[in-house]
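Structure first, then comments.
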Amino acid sequence: FQGYIGSTIDIHDRKLAEERIRQSELELQEMIRREKQFVQNAAHEFRNPLAAMQGNLDILVRHPNLPRSERLDVIEEVQWETLRLSRMVNDMLMLARGDMGLEFLIEDLDLTKVLQEVWDDARASNPHHAFRWNLPEKVNLRGDAERLAQLFSELLENAVKYSPPGAAITLDLQQDAEGVTLILQDQGAGISEVDLPHVFERFYRVDKARQRSGRAEGTGLGLPIARWIVEQHGGNIELYSVLDRGTTVQVWLPRDVE
Ligand code: ADP
């Protein structure tokens with residue numbers, strides 16, 4: 001039996017097999033390293049809102065006679081931090097499900113209809129931005145409607161969040177036989193060359209202080225979620241930005257998911 005194996009698996013094959021095993025071990029190690037880093041970052045991100053909540057609750061306990069308006073400020077702060085925490089938990093769960101291979105529900109859809117709902121909501125809640133929409137009446141595509149709406153919502157939320165009231169937010173769409181390209185443009189804060197390569201990393205946020213003062217603090221998970229959704233559809237996402245001038249996000253989606 002030994003002799004039989006020895007004669008059929010030659011040294012070259014064995015080396016190849018060993019190399020493959022080594023490669024998958026390395027990949028596995030890298031996955032574990034990334035997972036550990038994610039947990040570490042998450043714990044770190046939880047600490048700030050929790051500390052802020054605790055601090056504010058301490059104030060309420062220690063100063064029971066705080067004037068009503070000041071008390072309301074403190075309570076609002078706690079409410080804000082709670083909201084932030086729950087957003088973060090939701091985003092993390094979403095990405096964790098993605099890591100575990102969450103199934104997408106692929107069906108025939110009208111992309112215009114999917115995007116229109118998100119767009120109308122954003123317009124209604126941000127009346128001071130100038131929204132410009134250049135989409136065909138109907139765009140046929142196969143995809144997961146709920147996830148595509150979520151993708152667009154993440155991108156649109158950023159466009160609003162990082163641009164001042166009055167600034168224009170424009171959505172264009174180009175299409176050919178193979179797929180569609182969505183182009184979302186804002187005239188906001190932009191992203192520097194130094195930060196741009198990192199914005200798709202989990203928890204990466206540019207200049208936290210600036211965002212905090214503007215009450216626009218996010219989770220740093222929006223773009224990673226967006227990229228995950230695009231990739232699950234077999235598409236790609238690119239971000240172009242000039243600091244203090246604005247940002248353009250370009251998403252290509254194939255007509256049909258492989
Ligand atoms: P966040 O929840 O902080 O918005 P994202 O993952 O969506 O996290 O984005 C990561 C970072 O990229 C943001 O913190 C922000 O600094 C930057 N960014 C994303 N979109 C824009 C945009 N349209 N304009 C300016 N900066 C942006």
Side-chain angles (χ1 to χ4, degrees), residues 34 37-38 41-42 44-49 52 80-99 115 118-119 121-123 125-126 128-133 147-172 181-232 236-251:
R34 278 214 305 266
Q37 185 73 45
F38 185 55
N41 287 348
H44 185 78
E45 293 293 325
F46 281 161
R47 234 190 249 152
N48 289 340
W80 166 257
E81 296 296 349
T82 314
L83 196 75
R84 202 170 112 62
L85 260 183
S86 66
R87 273 225 324 261
M88 202 135 70
V89 171
N90 284 340
D91 284 355
M92 282 181 58
L93 279 177
M94 178 62 62
L95 280 172
R97 271 152 66 197
D99 292 343
L115 303 186
V118 181
W119 184 260
D121 279 353
R123 265 178 77 167
S125 31
N126 301 284
H128 300 301
H129 280 82
F131 288 85
R132 292 184 198 137
W133 162 279
R147 296 286 157 252
L148 288 175
Q150 187 187 5
L151 153 75
F152 187 52
S153 163
E154 301 282 359
L155 300 177
L156 194 54
E157 212 174 89
N158 280 349
V160 171
K161 212 160 52 169
Y162 302 111
S163 60
I169 293 172
T170 314
L171 179 67
D172 288 291
T181 306
L182 280 170
I183 304 150
L184 181 68
Q185 249 175 321
D186 70 60
Q187 301 174 337
I191 304 164
S192 75
E193 275 176 40
V194 180
D195 291 308
L196 200 57
H198 302 288
V199 291
F200 285 101
E201 289 167 17
R202 294 178 180 189
F203 295 115
Y204 194 87
R205 298 204 305 267
V206 182
D207 191 359
K208 297 181 188 185
R210 181 180 71 186
Q211 294 166 30
R212 189 72 189 94
S213 59
R215 291 233 131 188
E217 195 168 4
T219 61
L221 296 174
L223 286 179
I225 289 178
R227 183 160 71 176
W228 165 63
I229 295 172
V230 172
E231 284 175 355
Q232 288 298 307
N236 59 59
I237 179 166
E238 278 167 50
L239 213 134
Y240 308 92
S241 194
V242 180
L243 196 60
D244 296 327
R245 296 289 287 278
T247 302
T248 301
V249 188
Q250 213 163 295
V251 174

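Numbering of ligands and ligand atoms starts at 1, following listing order.
- Here is the list of ligand 1 atoms found below 4.0 Å of a heavy atom in Leu223: 5 (P), 6 (O), 7 (O), 9 (O), 19 (C).
- Between Leu184 and Ala159 the shortest heavy-atom distance is CD2-CB, 4.4 Å.
- Checked by atom type, the side-chain pair Thr219/Asp91 shows a donor-acceptor distance below 3.5 Å.
- Heavy-atom distances between Ala189 and ligand 1 stay at or above 4.0 Å for every pair.
- Close contacts of ligand 1 with Tyr204, meaning ligand atoms under 4.0 Å from a residue heavy atom, involve 10 (C), 11 (C).
- Atom numbering of ligand 1 starts at 1 in the shown order; those under 4.0 Å from a heavy atom of Val199 are 10 (C), 12 (O).
- Against a heavy-atom cut-off of under 4.0 Å, Lys161 is close to the following atoms of ligand 1: 1 (P), 2 (O), 4 (O).
- Between Glu154 and Lys161 there is no salt bridge, since no side-chain N of the basic residue sits under 4.0 Å from a carboxylate O of the acidic one.
- For Ser192, the side-chain hydrogen bond (donor to acceptor under 3.5 Å, both in side chains) partners are Asp195, not counting sequence neighbours.
- Each of the following atoms of ligand 1 lies closer than 4.0 Å to a heavy atom of Leu221: 6 (O), 8 (O).
- Only side-chain heavy atoms of Thr247 come within less than 4.0 Å of ligand 1; its backbone N, CA, C and O stay farther off.
- A salt bridge links Asp99 with Arg202: the closest approach of a Lys/Arg side-chain nitrogen to an acidic carboxylate oxygen falls below 4.0 angstrom.
- Considering backbone and side-chain atoms together, Tyr162 places an N or O closer than 3.5 Å to an N or O of ligand 1.
- The residue among Val160, Val249, Ile191, Ile169 with a heavy atom at the shortest distance from atom 18 (N) of ligand 1 is Ile191.
- Looking at residues two or more places apart in sequence or on another chain, you find a side-chain contact (heavy atoms from CB on, under 4.5 Å) between Glu231 and Arg227.
- Contact detail for Leu221 and Met88: the closest heavy-atom pair is CD1-O, 4.1 Å.
- At least one N or O atom of Gly220, backbone or side chain, sits closer than 3.5 Å to an N or O atom of ligand 1.
- Counting only heavy atoms from C-beta outward, the side chains of Phe46 and Met92 approach each other to under 4.5 Å.
- Interface atoms of ligand 1 facing Thr219, defined by a heavy-atom separation under 4.0 Å, are 1 (P), 2 (O), 3 (O).
- Between Pro224 and ligand 1, no N or O atom pair is found at a separation short of 3.5 Å.
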